[in-house]
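The structure appears below as structure tokens.
In listed order, ligands and their atoms are each counted from 1.
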Amino acid sequence: MKKVMFVCLGNICRSPMAEFVMKSLTDDFYIESRATSNWEHGNPIHEGTQKALRDHAIAYDLGKTSLQISDKDFAIFDYIIGMDASNVADLKKMAPNKYQDKIYQFMDKSVPDPWYTGDFEETYRLVQIGCKHWLERLEVENG
Ligand code: 4NP
């Protein structure tokens with residue numbers, strides 16, 4: 001089973017949202033999420049992301065806490081997907097050369113960070129669109 005990782009700055013707002021939306025869409029891939037930073041290490045999913053997921057009846061794991069991406073993750077995961085352009089730039093700096101090709105951007109447009117915008121609903125809308133596109137792509141590339 002291919003392994004897919006969503007990555008944002010804090011791993012409390014956008015990437016856990018993408019993780020649980022994607023898990024609601026498919027059981028065909030192994031899915032997790034991480035942070036580029038260690039700023040929120042050990043903290044739970046942001047209440048705004050939890051509310052957006054609840055409002056849209058997407059199941060999530062209360063035990064999910066922020067975790068920074070590690071060298072082992074770069075080796076193990078097949079698709080490492082940054083939620084915005086700066087996440088992708090940071091991932092490219094962090095990843096060993098041989099794993100650069102595993103790094104992708106979630107969508108052309110950066111997914112706005114609700115930590116700053118406060119708009120979890122707009123982020124949810126984009127995460128839904130992006131996850132559906134990613135699922136199609138993953139199925140084409142791995143079907
Ligand atoms: P996320 O949002 O990257 O979507 O999880 C953020 C969460 C925390 C911080 C920044 C962005 N922070 O500065 O702690």
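Nearest protein heavy-atom contact of atom 10 (C) of ligand 1 is Trp115 CD1, 3.3 Å. For atom 14 (O) of ligand 1, the nearest non-hydrogen atom of the protein is Glu40 OE2, 2.8 Å. Annotation: atom 1 (P) of ligand 1 to nearest protein heavy atom, Cys8 SG, 3.5 Å.
His133 and Gln128 form no side-chain donor-acceptor contact under 3.5 Å, judged by distance and modelled atom types alone. Between the side chains of Asn87 and Asp90, no donor-acceptor pair is found at a separation under 3.5 Å. For the 3.5 Å distance criterion, the side chains of Asn142 and Tyr79 qualify, holding a donor opposite an acceptor.
Using a 4.0 Å cut-off between a side-chain N of Lys or Arg and a carboxylate O of Asp or Glu, Lys102 and Asp78 do not qualify as a salt bridge.
With a 4.0 Å cut-off on non-hydrogen atoms, Met83 does not touch ligand 1 at all.
Put simply, the residue from Val111, Val88, Thr36, Leu9 that forms a side chain to side chain contact (heavy atoms under 4.5 Å, CB included) with Met83 is Val111.
Of all the atoms in ligand 1, the ones that sit under 4.0 Å from a non-hydrogen atom of Arg14 are 1 (P), 3 (O), 4 (O). When each atom of ligand 1 is checked for a heavy atom of Cys13 under 4.0 Å away, the hits are 1 (P), 2 (O), 4 (O), 5 (O). The ligand atoms of ligand 1 that sit less than 4.0 angstrom from a heavy atom of Tyr116 are 10 (C), 13 (O). If you number the atoms of ligand 1 from 1 as listed, the ones under 4.0 Å from a heavy atom of Trp39 come out as 12 (N), 13 (O), 14 (O).
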Report all side-chain donor-acceptor pairs from residues 16-23 shorter than 3.5 Å, counting only partners two or more places apart or in another chain.
unit_1, atom_1, unit_2, atom_2, d
Glu19, OE1, Ser33, N, 3.3
Glu19, OE1, Ser33, OG, 2.6
Glu19, OE2, Lys23, NZ, 2.6
Lys23, NZ, Ile31, O, 3.4

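Taking only non-hydrogen atoms, the option from Ile12, Asn87, Thr117, Val111 nearest to atom 7 (C) of ligand 1 is Ile12.
Looking only at distances, a side-chain donor or acceptor of His46 sits under 3.5 Å from a matching main-chain atom of Gly48. Judged by distance alone, the side chain of Gln100 and the main-chain N or O of Lys92 form a donor-acceptor pair under 3.5 Å.
Looking at Gly10 next to ligand 1, an N or O pair under 3.5 Å apart turns up. Residue Asp113 has at least one nitrogen or oxygen atom sitting less than 3.5 Å from a nitrogen or oxygen atom of ligand 1, judged on distance alone.
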